[in-house]
Amino acid sequence: MSTSWADSVANSQTENAAATGSFENNASSRAPRTTYVPPHLRNRPASSDPPAASNSAPSQAGTGYGAPSTGSRWNGNSRQDFGRPGYGSGSSWNSSRGRGWDRGREREVNPFGNDDDAEPSFSEQENTGINFDAYEDIPVETSGSNVPPPVNTFAEIDLGEALNQNIRRCKYVKPTPVQRHAIPISLGGRDLMACAQTGSGKTAAFCFPIISGIMREPNIQRPRGTRTVFPLALILSPTRELSSQIHDEARKFSYQTGVRVVVAYGGAPINQQLRELERGVDILVATPGRLVDLLERARVSLQMIRYLALDEADRMLDMGFEPQIRKIVEQMDMPPAGLRQTMLFSATFPREIQRMAADFLSDYIFLAVGRVGSSTDLIVQRVEFVHEADKRSHLMDLLHAQKENGTHSKQALTLVFVETKKGADALEYWLTSSGFPATSIHGDRSQQEREYALRSFKTGKTPILVATDVAARGLDIPHVAHVINFDLPNDIDDYVHRIGRTGRAGKTGLATAFFNENNTSLARPLADLMQEANQEVPAWLTRYASRAYGGGGRNRRGGGRFGGRDFRRDTSYNRGQDYYGGANSSGYGAAGGYGGAGGYGPGVSSAWD
DNA sequence: AAAAAAC
């Protein structure tokens with residue numbers, strides 16, 4: 001079994017390598033994206049490390065990075081913990097972290113591949129592709145007591161040289177808005193509920209403070225002589241692929257910091273994950289089911305957890321996931337709120353979910369980062385009335401048009417969302433039978449198939465991916481030019497997450513939805529969302545919307561505001577009292593909301609990830 | 001009603 005798994009990884013790597021040649025300059029450096037690297041592929045020879053990865057700390061101190069004035073702060077008058085000998089040099093990092101991590105025979109795999117020297121253009125394309133100018137005037141709202149002020153550069157944050165170097169390797173020039181606000185809050189030790197957009201560096205926003213915080217406590221003593229491992233940080237996400245993606249990102253950020261990141265999720269052989277855990281783990285990235293398994297086997301203990309992060313937190317706390325999350329957070333051995341630091345990230349935070357989430361938080365700060373204008377400026381949204389029976393032929397028309405347009409290429413991927421797993425299989429079969437290069441991803445496929453499909457899509461081998469909502473949230477897939485809602489979801493939030501797979505990294509995107517009489521409950525929130533996004537709303541859709549089917553769509557959740565509003569401001573919650581006393585808006589608009597720019601109509605959540 | 005998430 002493990003052989004076939006390893007083979008599949010090897011195969012996908014081969015495939016990825018093969019794609020490099022035909023994919024111009026942007027595929028090879030994505031090799032480290034491979035979701036799971038088995039041990040026998042992990043120990044690359046030292047010669048594969050790029051020069052920049054060497055441990056010559058002196059040569060890197062403050063080299064032209066941001067404001068150099070603070071460059072010496074980290075190594076100089078730093079906090080007591082930093083006095084540890086050899087800090088910042090991976091070679092001295094052993095006693096308290098994973099055994100053998102730094103031994104020559106188990107060198108840390110360089111997650112940056114070789115793109116430091118060879119292919120700088122990739123990183124520019126993928127990492128600085130973020131349109132920072134578009135982020136300048138973003139409305140930001142914070143509430144809670146004593147909110148730490150935002151920062152404007154990475155350099156003015158005391159993250160540590162090793163982490164700063166990785167930030168440079170990632171080609172992150174300056175922090176995105178969510179990073180500017182969230183990182184100081186987290187470094188200040190505060191709990192956080194943040195509404196933020198994944199494409200703008202959300203993962204980094206919770207990873208940087210965690211990694212930095214762990215680096216500052218190099219001598220944490222953990223129980224020994226047991227097979228149980230004691231991670232210091234736990235990052236939970238709702239899908240395996242998203243956990244895998246977070247793991248890949250976190251590994252880049254923690255390269256040569258001595259901080260070990262391990263991922264655990266279902267569908268993959270548990271033994272390899274156990275071996276990884278035994279080698280030491282500081283940050284555990286996991287999906288809930290597999291984590292519960294590991295906890296019940298007593299292979300993982302949460303008693304040393306200092307940091308808890310929930311990505312896509314509203315999904316993690318919705319009906320399907322809540323019991324598992326409560327079990328993990330409240331019924332195992334994790335320190336309670338207040339004794340750990342908890343960070344919840346999501347785009348949409350329905351009031352009910354916020355209320356529930358407050359159980360996991362202690363004196364938290366609420367942070368909402370919006371976009372000027374509409375949240376989906378970069379995405380052109382179209383809605384077409386298509387009867388159920390006509391959907392396939394209509395889809396084919398669209399795909400044929402793309403093909404003739406020349407947009408049907410490896411650089412222009414098309415993501416087709418359907419409502420059911422069966423529907424995904426059927427549509428994939430129909431598309432491939434019709435000569436379209438398509439594959440599919442959904443929860444009834446094996447993990448191997450899922451990861452192969454995602455890779456095949458990303459590399460352009462099959463530029464059409466049929467997906468259920470498993471692919472709706474968080475996944476960062478470059479070059480998705482078109483998202484087609486073959487079946488519209490019932491929840492406007494899901495729509496928002498789905499179309500957010502395109503229009504990323506400063507690129508424009510197109511989102512087409514097939515609407516018919518089965519989607520009437522979505523008419524109003526959809527029309528409102530599109531209007532707020534300055535999209536053309538068909539007259540027929542407006543008519544459907546005005547009929548107010550289904551009691552107004554999902555007003556029940558949004559409560560009349562977009563997702564980014566602190567529920568503690570609700571009068572029903574604080575009963576006329578100024579509950580938290582420390583409300584402030586960071587210089588943007590009135591405290592009451594967003595008014596025009598970035599705001600949404602009744603019942604519509606924000607269009608963030 | 002569906003999807004996701006352990007074996």
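Numbered from 1 within each chain, the chains take letters A, B, ... in sequence-line order. This one's a predicted model, so the numbers in the text were calculated from it and none came from an experiment.
- The nearest whole Å value for the distance from the CG atom in A/L291 to the C1' atom in B/dA6 is 11 Å.
- If you measure from atom CG of A/L295 to atom P of B/dA5, you get 18 Å, rounded to the nearest angstrom.
- Among B/dA5, B/dA3, B/dA1, the nucleotide with an atom closest to any side-chain atom of A/N490 is B/dA1.
- A/V470 comes within 4.0 angstrom of sugar-phosphate atoms only, judged by non-hydrogen atoms across all strands, and of no base.
- Here A/T228 pairs with A/T226 under the side chain to side chain donor-acceptor pair (under 3.5 Å) rule; sequence neighbours left out.
- Regarding A/D293, its CG atom lies at a distance of 20 Å from the P atom of B/dA4, rounded to whole Å.
- Proximity note for A/T420 (side chain, C-beta onward) versus B/dA4, B/dA5, B/dA2: the nearest is B/dA2.
- Within the nucleic acid shown, A/G320 comes within 4.0 Å of at least one base atom, counting heavy atoms only.
- Between A/L488 atom CG and B/dA2 atom P there is a gap of 17 Å when expressed in whole angstrom units.
- In the set B/dA5, B/dA6, B/dA4, the nucleotide with an atom closest to the side chain of A/H442 is B/dA4.
- Whole-Å rounding puts the A/M316 CE to B/dA3 P distance at 19 Å.
- With B/dA5, B/dA2, B/dA4 as the choices, the nucleotide that has an atom nearest any side-chain atom of A/R450 turns out to be B/dA5.
- Between A/E451 and A/K458 there is no salt bridge, since none of the side-chain N atoms of the basic residue sits less than 4.0 Å from a carboxylate O of the acidic one.
- At a threshold of 4.0 angstrom between heavy atoms, the contacts of A/R297 with the nucleic acid are absent.
- Listed by chain and residue number, nothing satisfies the ring-ring contact (aromatic ring centres under 6.0 Å, His included) test with A/Y307 (two or more places apart in sequence, or in another chain).
- Remark: P of B/dA4 and CZ of A/R498 are 11 Å apart, rounded to the nearest angstrom.
- For A/T287 and B/dA6, the shortest distance from a side-chain N or O to OP1 or OP2 is below 4.0 Å.
- OP1 or OP2 of B/dA4 lies within a sub-4.0 Å distance of a side-chain N or O belonging to A/K421.
- Rounded to whole Å, atom P of B/dA5 lies 5 Å from atom CZ of A/R240.
- For the pair A/R455 and A/Y452, the NZ or CZ position fails the cation-pi test of under 6.0 Å to the six-membered ring centre and within 45 degrees of the ring normal.
- Contact between the side-chain N/O atoms of A/T468 and the OP1/OP2 oxygens of B/dA4 is found at a separation under 4.0 Å.
- Of the candidates A/T432, A/L465, A/L454, A/T439 forms a side chain to side chain contact (heavy atoms under 4.5 Å, CB included) with just one, namely A/L465.
- For A/H497 and B/dA2, the NE2 to P distance is 22 Å, given to the nearest whole Å.
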